[in-house]
Amino acid sequence: MKNPVPMTLTRRGLGGLAAGLGVALALSACGGSPLATPSTSAPSGSSAGGSLVVGSADFPESQVIAEIYVGALNAAGLTATSKPNIGSREIYFKAVQDGSVDLVPDYSGNLLSYVDTEAAEVSAEDVYKALPGKLPEGLAVLEPAKAESKDAMVVTKATAEKYQLKSIEDLAKVCKDFTMAAPATFETRAYGFPGLKANYGCELKGLQPFNDGGGNLTLQALLEDKVQVADIYTTTPSIADNDLVVLEDPKNNFKAQQVLPLVKDSKMTDKAKEALNNVSKILTTDDLINLNRAVSGDQKQSPKDAAAAWLKDKGIVK
């Protein structure tokens with residue numbers, strides 16, 4: 001077995017669960033921005049132009065994409081800075097709304113589920129078309145990238161062979177005997193236990209919660225058979241590095257998850273939109289895998305350095 005690549009990703013698949021909305025509402029009720037502290041406050045975006053603040057969620061992939069956005073904006077002659085590691089979608093969504101940050105990288109399907117818990121769209125095209133009509137006034141999304149990072153049900157090669165598993169439909173036959181590694185919220189999110197039961201009749205034996213978003217703790221539990229299936233992102237290098245098997249999802253339990261900028265519309269000039277859309281035109285899923293490996297693998301690059309190398313390689317920064 002190959003040596004696992006250490007990963008420290010944190011869960012980004014944030015749907016519109018009641019607990020998460022409660023966090024955002026509580027922050028709103030306090031009358032303050034989720035970032036309203038001296039160390040994290042940023043200029044409010046009341047009009048187009050000026051400097052742009054690019055936020056990110058609390059996991060490396062989001063931080064790298066945010067730094068790519070910053071680099072692309074600066075290369076286009078704009079002034080942009082990053083505000084990394086804001087937190088979950090419940091937090092950074094509110095931050096874009098109140099102008100604490102001007103944009104963040106997000107994932108189309110989970111963003112749609114967050115703003116519309118009943119959204120039925122699953123394909124990339126349908127999800128993207130639905131988003132503008134569901135976002136609150138003042139927020140918008142720009143063009144999506146080809147890059148996609150989805151939750152996936154993952155098993156070891158040995159488990160796949162033992163139980164003849166190729167898809168979640170196959171998994172459903174043995175779900176009752178399997179314990180899953182995933183964030184605690186997977187038990188209640190629409191695409192988690194409820195979705196697996198509704199779409200596939202899969203009722204797992206139990207959940208072993210991990211907060212590393214499919215990272216090293218999750219990986220080790222899977223490799224050591226402490227759990228038999230794990231929720232790991234498709235852009236996580238450890239899948240290929242450890243010969244893991246991603247189970248097919250023929251009933252689309254997991255929505256399309258294209259990377260795209262969630263923006264404060266009033267701060268987006270045509271020049272800014274063009275710079276960000278140019279990133280989306282060339283960012284691929286393989287790029288995300290390689291960027292994750294650079295940041296969370298043996299290289300241990302900072303998100304800023306990994307982003308700078310990508311921008312230079314793609315000719316965006318000379």
Side-chain angles (χ1 to χ4, degrees), residues 1-2 4-5 7 9 11-15 61 107-110 113 120-124 127 147-210 212-258 285-286 288-289 292-293:
M1 181 178 294
K2 298 179 182 178
V5 176
M7 299 295 291
L9 304 177
R11 187 46 81 210
R12 64 178 165 267
L14 301 169
E61 184 176 288
Y107 300 85
S108 60
N110 286 335
S113 293
E121 295 83 359
V122 294
S123 73
V127 167
E148 187 174 26
S149 184
K150 297 180 67 172
D151 294 80
M153 302 286 281
V154 178
V155 299
T156 63
K157 187 176 181 180
T159 296
E161 291 176 347
K162 180 178 179 180
Y163 296 97
Q164 297 183 326
L165 304 180
K166 293 184 179 179
S167 71
I168 305 177
E169 284 184 317
D170 299 328
L171 178 68
K173 301 171 185 176
V174 291
C175 269
K176 62 181 177 60
D177 299 320
F178 279 29
T179 298
M180 182 170 186
T185 50
F186 194 87
E187 197 164 12
T188 56
R189 286 182 178 157
Y191 59 82
F193 279 18
L196 293 173
K197 180 179 179 180
N199 290 317
Y200 292 104
C202 172
E203 296 188 65
L204 290 153
K205 179 180 179 181
L207 177 72
Q208 180 66 47
F210 289 97
D212 66 341
N216 203 45
L217 293 175
T218 297
L219 175 64
Q220 290 300 330
L222 185 64
L223 296 178
E224 294 170 8
D225 200 36
K226 293 178 180 177
V227 299
Q228 292 72 49
V229 60
D231 178 22
I232 301 179
Y233 299 128
T234 53
T235 55
T236 304
S238 61
I239 291 176
D241 294 341
N242 292 275
D243 295 321
L244 303 180
V245 176
V246 174
L247 299 180
E248 296 172 5
D249 180 20
K251 296 184 179 180
N252 294 306
N253 182 65
F254 301 108
K255 293 179 184 290
Q257 300 294 348
Q258 292 177 287
T285 300
D286 283 343
L288 292 185
I289 294 172
N292 283 330
R293 182 177 281 112

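- With contacts defined as side-chain heavy-atom distances shorter than 4.5 Å, the pair Thr285/Thr235 qualifies.
- Qualifying side chain to side chain contact (heavy atoms under 4.5 Å, CB included) partners for Ser123, counting only residues two or more places apart in sequence or in other chains: Glu125, Asp126.
- At a cut-off of 3.5 Å, with distance as the only test, a side-chain donor of Tyr107 or Glu61 sits close to an acceptor on the other residue.
- Taking CG of Leu288 as the start and OH of Tyr233 as the end, the distance is 12.5 Å to the nearest 0.5 Å.
- Of the inter-residue distances, the one linking Ser238 atom OG with Ile232 atom CD1 reads 5.0 Å to the nearest 0.5 angstrom.
- To the nearest 0.5 angstrom, Met180 atom CE is 3.5 Å from Phe186 atom CZ.
- Under the ring-ring contact (aromatic ring centres under 6.0 Å, His included) criterion, Tyr200 pairs with no residue, sequence neighbours left out.
- Contact between Gln228 and Asp177 at its shortest, heavy atoms only, is OE1-O, 3.9 Å.
- A pairwise comparison of heavy atoms in Val227 and Ala181 identifies CG2-CB, 3.7 Å as the closest pair.
- The two residues Thr234 and Glu148 have their closest heavy-atom pair at OG1-O, 3.9 Å.
- Contact of the Val154 side chain with the Leu247 side chain is not registered, since no non-hydrogen atoms from C-beta on lie closer than 4.5 Å.
- Partners of Lys226 by salt bridge (Lys or Arg N to Asp or Glu O under 4.0 Å), not counting sequence neighbours, listed by chain and number: Glu224.
- Under a 3.5 Å cut-off, the side chain of Lys255 and the backbone N or O of Ser113 do not form any donor-acceptor pair.
- Asp231 places a side-chain heavy atom less than 4.5 Å from the side chain of Pro183.
- Considering every non-hydrogen atom in both Thr188 and Pro194, the closest pair reads O-CG, 3.8 Å.
- The shortest distance between side-chain heavy atoms of Asn110 and Phe254 does not fall below 4.5 Å.
- In this structure the side chain of Asn253 reaches within 4.5 angstrom of the side chain of Leu196, judged on heavy atoms.
- The two residues Leu165 and Val245 make their nearest non-hydrogen contact at O-CG1, 4.5 Å.
- The distance from atom CG of Asn242 to atom CG of Leu219, rounded to the nearest 0.5 Å, is 5.0 Å.
- Judged by distance alone, the side chain of Thr156 and the main-chain N or O of Thr159 form a donor-acceptor pair under 3.5 Å.
- The two residues Ser108 and Ala256 have their closest heavy-atom pair at OG-O, 3.4 Å.
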Intermediate values then yes/no, side chain to side chain contact (heavy atoms under 4.5 Å, CB included), Leu222 and Leu244: CA-CA 10 Å; Leu222 185 64; Leu244 303 180; 4.2 Å; yes
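- A 4.5 Å side-chain heavy-atom check between Phe193 and Leu204 finds at least one atom pair inside the cut-off.
- For the pair Cys175/Lys205, no side-chain contact is recorded, criterion being any heavy-atom separation below 4.5 Å from C-beta on.
- In this structure, the side chains of Met153 and Val229 come closer than 4.5 Å at one or more pairs of heavy atoms.
- With values rounded to the nearest 0.5 angstrom, Glu248 atom CD is found 6.0 Å from Ser167 atom OG.
- A distance of 8.0 Å separates CD in Gln257 from OH in Tyr191, rounded to the nearest 0.5 Å.
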